[in-house]
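Notes follow the structure.
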Protein chains: 2
Amino acid sequence: MNTAPLTRRARAGGGRMTAQRRAVLQALQELGCAPTAEEIHTRARHIRSGLGLVTVYRTLETFAQEGLVQRLFLDDARGRYELMGGRHHHHLVCLSCGTIQSLNRCFLAAAERAARARGFKVTAHRFELFGYCRRCQAPAAR
Amino acid sequence: MNTAPLTRRARAGGGRMTAQRRAVLQALQELGCAPTAEEIHTRARHIRSGLGLVTVYRTLETFAQEGLVQRLFLDDARGRYELMGGRHHHHLVCLSCGTIQSLNRCFLAAAERAARARGFKVTAHRFELFGYCRRCQAPAAR
DNA sequence: TTAATTGCAAAGGATTTGCCCGCTC
DNA sequence: GAGCGGGCAAATCCTTTGCAATTAA
């Protein structure tokens with residue numbers, strides 16, 4: 001798997017490119033859909049043994065600030081991380097086994113149809129918009 | 001605020017109706033959109049002083065199992081709770097002040113329009129479907 | 001009565017912070 | 001060489017669990 005473009009983007013963020021960060025990037029790329037920090041750690045450790053979990057957390061936070069990665073929460077309190085810049089997508093989260101699949105469509109009706117088409121039985125959905133409320137835009141939206 | 005219907009629903013779940021549980025129900029009803037356990041605790045404590053945070057957590061879990069309440073996660077690791085059974089809706093989460101408003105519309109395009117109409121500047125959105133994947137439906141979807 | 005429920009204290013899981021050493025630039 | 005980045009241990013935050021006392025039904 002080619003991590004060069006990602007490495008380039010990461011360096012553009014201003015930070016140094018270390019073996020650990022490269023390992024995290026590669027793990028993210030290999031794992032795909034919304035892995036947890038621990039899953040990333042386990043995978044990245046195969047690439048760079050001795051890599052600490054704390055380093056993974058710090059690396060992910062750095063990448064998130066650079067816009068390279070986003071953190072999101074699905075149905076539990078564990079943060080999940082994904083590379084930004086791929087095709088915009090959402091998720092199908094299995095309540096039974098925890099499997100997460102990605103879904104390219106974005107509208108509810110179409111999404112539900114797409115989900116059904118792949119044999120996924122939808123029992124609930126969630127849709128959130130993030131941004132700045134009127135009050136916070138007024139002065140200087142921090 | 002009338003909590004009788006809620007009380008009825010809660011009792012139908014089989015559990016006992018205590019002053020603590022009534023306080024949590026009332027707090028949920030008063031607080032509205034997706035408060036955290038701590039916010040619920042603070043509010044419910046005004047109704048029933050001495051109420052413990054642990055009791056709030058346990059009560060919320062009980063209610064969630066009875067389908068009276070749902071727990072959800074927005075942009076952080078803290079669980080948030082809402083009464084079920086109201087109008088189906090989603091959320092507008094302010095990244096600056098943390099304010100959460102509810103949004104009745106469910107489709108992206110319409111939702112974005114609705115958000116804009118109330119002066120909310122959307123910078124990101126999330127849409128997740130929950131349910132059972134094909135593999136988990138097959139044997140006995142637990 | 002008697003099992004469900006509460007409150008306190010302590011445990012747990014995930015994530016963050018402090019500190020110092022090592023490595024990238 | 002200077003300062004960013006890494007690793008370890010400890011701290012923190014939110015949530016859950018253990019246990020004895022209390023209370024609804």
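Just so it is clear, the structure is predicted and the values come from calculations on it, not from any experiment. Worth knowing before you read on, the calculation uses all heavy atoms, side chains too, and leaves out hydrogens, waters and symmetry mates. Chain letters run A, B, ... following the sequence lines, proteins first and then strands; every chain starts at 1.
- Cluster membership check: L53(B) shares its hydrophobic cluster with L31(B), using side-chain heavy-atom separations under 4.5 Å among Ile, Leu, Val, Met, Phe, Trp and Tyr.
- Within the 4.5 Å cutoff, no side-chain heavy atoms of Q26(A) are placed close to those of H46(A).
- In this structure, F63(B) places its CZ atom 16 Å from P of dA4(C), rounding to the nearest Å.
- When distances run from any side-chain atom of R16(B) to the nucleotides dT15(C), dT5(C), dG6(D), the shortest one goes to dT5(C).
- Counting only heavy atoms from C-beta outward, the side chains of D75(B) and F73(A) never approach each other to under 4.5 Å.
- Taking atom CG of residue L60(B) and atom C1' of nucleotide dT17(D), one finds them 17 Å apart after rounding to whole Å.
- OP1 or OP2 of dG6(D) has at least one side-chain nitrogen or oxygen of T18(A) nearer than 4.0 Å.
- With rounding to whole Å, D76(B) atom CG is found 11 Å from dC13(D) atom C1'.
- The side chain of T59(B) has dT6(C) as its nearest neighbour among dG6(D), dT6(C), dT16(D).
- For the pair Y57(A) OH and dC8(D) C1', the computed distance is 16 Å after rounding to whole Å.
- Nearer to the 5' terminus of DNA chain D, by closest-nucleotide assignment, is the contact made by S49(A) (compared with the other of A77(A) and S49(A)).
- Among the nucleotides dA24(D), dT16(D), dG7(D), the one closest to the side chain of L51(A) is dG7(D).
- In this model, the phosphate group of dG7(C) is approached by a side-chain N or O of T55(B) to a distance below 4.0 Å at OP1 or OP2.
- With no hydrogens or angles considered, no side-chain donor-acceptor pair links E112(B) and H125(B) at under 3.5 Å.
- Below the 3.5 angstrom threshold, one finds no donor paired with an acceptor across the side chain of R48(A) and the base of dG6(D).
- Looking at which nucleotide of DNA chain D each of G15(A) and F73(B) is closest to, the 5′-most match is held by G15(A).
- Nearest nucleotide to the R78(B) side chain, out of dA25(D), dC14(D), dG6(D): dC14(D).
- When the C1' atom of dG7(C) is taken as reference, atom CG of L53(B) falls 11 Å away, rounded to whole Å.
- In this structure, E39(B) places its CD atom 13 Å from C1' of dC14(D), rounding to the nearest Å.
- At a cut-off of 3.5 angstrom, counting only N and O atoms as typed in the model, there is a donor on one side and an acceptor on the other between the side-chain of R58(A) and the base of dG18(C).
- Within the 4.0 Å cut-off from OP1 or OP2 of dG7(C), at least one side-chain nitrogen or oxygen of Q20(B) is found.
- Computed from coordinates, the R22(B) CZ to dT6(C) C1' distance equals 15 Å when rounded to whole Å.
- Using a 4.5 Å cut-off on side-chain heavy atoms (C-beta onward), V24(B) and T55(B) make no contact.
- Straight-line distance from the CZ atom of R45(A) to the C1' atom of dC8(D): 12 Å, rounded to whole Å.
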